[in-house]
Amino acid sequence: MTALTTRRFLQTAGLLIAGVVLSACGKKEPPAAAPAASAVASAPAPAVKVYVVGTDAAYAPFESQNEKAEIVGFDIDVVKAVAQKAGMEVKFVNTPWEGIFNTLQQGDRDFLVSAITITPERKQTMDFTEPYFDAQQLIAVKQNSKIGKFDDLKKLKVGVQTGTTGDEVVTKLQGKTSTNIKRFESTPLALKELESGGIDAVVADNGVVINYVTNNPGSKFKSIADKAFQPEQYGLAVKKGNADLLAKLNKGLADIKADGTYDKLYTQYFGAPAPKGAAAPASAASK
Ligand code: ARG
């Protein structure tokens, strides 16, 4: 070794040693400081679990964003009331419908409220509370449309929100390979496309269609009901096997149904009390 390389070597070694010492200090320091810090923090306010609730907030009147970008709606108020009964803290996070179920799997969301229809297929990958709302598909068309029933949509361009029960029924009617099914990221986008004449109809949940038709008279839509549509029920979804949380939510739901909170919210949003016996805990148990 020349003098130069030796010095270089020593410098490098010195840096390495310094690095090791520093990183060792770095590792040692937080644990030493942590107990003191957490003792201070936990003494006045023990950490409360905040449940993260996923919702696709483009589905008025169930969940949408107001002018202040706050997530509001019937579903939101129901969950807030349930949480209050159950002594839980909740935080709503806007979550696109596509992939919303995955967020449960990945643990990014603790539970979901999103006008989610309880279906046998979905029950295989997640758990649902007792139902809290009765729904049905409804067709939206232009007021001057000749469409009169679901079967009329067989060969027409129909808009749906991807992966919804509306998508399912239209896929069943037209066949999996149909190119006439126009799938949208959200239901409002499908309705906008109907307004601009790109499609002939939209099939979506009745509450959402009625809300849109009523609040957007300029769109000149009407809605068409059909007996072909099966009754649906909404539930809150938790990760499969999360029995603890499921029990909490079910208890909260039963409580708000029993003390009139649920009926108050239903009337506030839908203008009339919930039909008697609708979405009652008993009707789910018998399913
Ligand atoms: N009820 C329908 C379903 O479960 C549509 C729900 C869509 N909800 C929403 N927030 N975009 O498939």
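Whatever order the structure lists them in is the order used to number ligands and atoms, beginning at 1.
Residues with a heavy atom under 4.0 Å from ligand 1: Asp56, Tyr59, Glu63, Trp97, Ser114, Ala115, Ile116, Thr117, Arg122, Gln161, Thr164, Thr165, Asp205, Tyr234.
Between the side chains of Gln161 and Asp56, at least one donor-acceptor pair of N or O atoms lies under 3.5 Å.
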Report all side-chain donor-acceptor pairs from residues 92-100 shorter than 3.5 Å, counting only partners two or more places apart or in another chain.
| unit_1 | atom_1 | unit_2 | atom_2 | d |
| --- | --- | --- | --- | --- |
| Asn94 | OD1 | Ala57 | N | 3.0 |
| Asn94 | ND2 | Gln65 | OE1 | 3.2 |
| Thr95 | OG1 | Val93 | O | 2.7 |
| Thr95 | OG1 | Arg109 | NE | 2.9 |
| Thr95 | OG1 | Arg109 | NH2 | 3.3 |
| Trp97 | NE1 | Thr162 | O | 3.2 |

Derivation of the ring pair (Phe, Tyr, Trp, His ring centres under 6.0 Å) call for Tyr269 and Tyr262: CA-CA 11 Å; Tyr269 279 91; Tyr262 177 87; over 10 Å; no

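Evaluation of the ring pair (Phe, Tyr, Trp, His ring centres under 6.0 Å) test over residues 149-188, restricted to residues two or more places apart or in two chains, returns Phe150-Phe229.
When each of Tyr59, Phe128, Phe74, Phe133 is tested with Tyr234 by the rule ring pair (Phe, Tyr, Trp, His ring centres under 6.0 Å), just one qualifies, namely Phe133.
Considering only residues two or more places apart in sequence or on other chains, Lys240 meets the side-chain contact (heavy atoms from CB on, under 4.5 Å) condition with Asp127.
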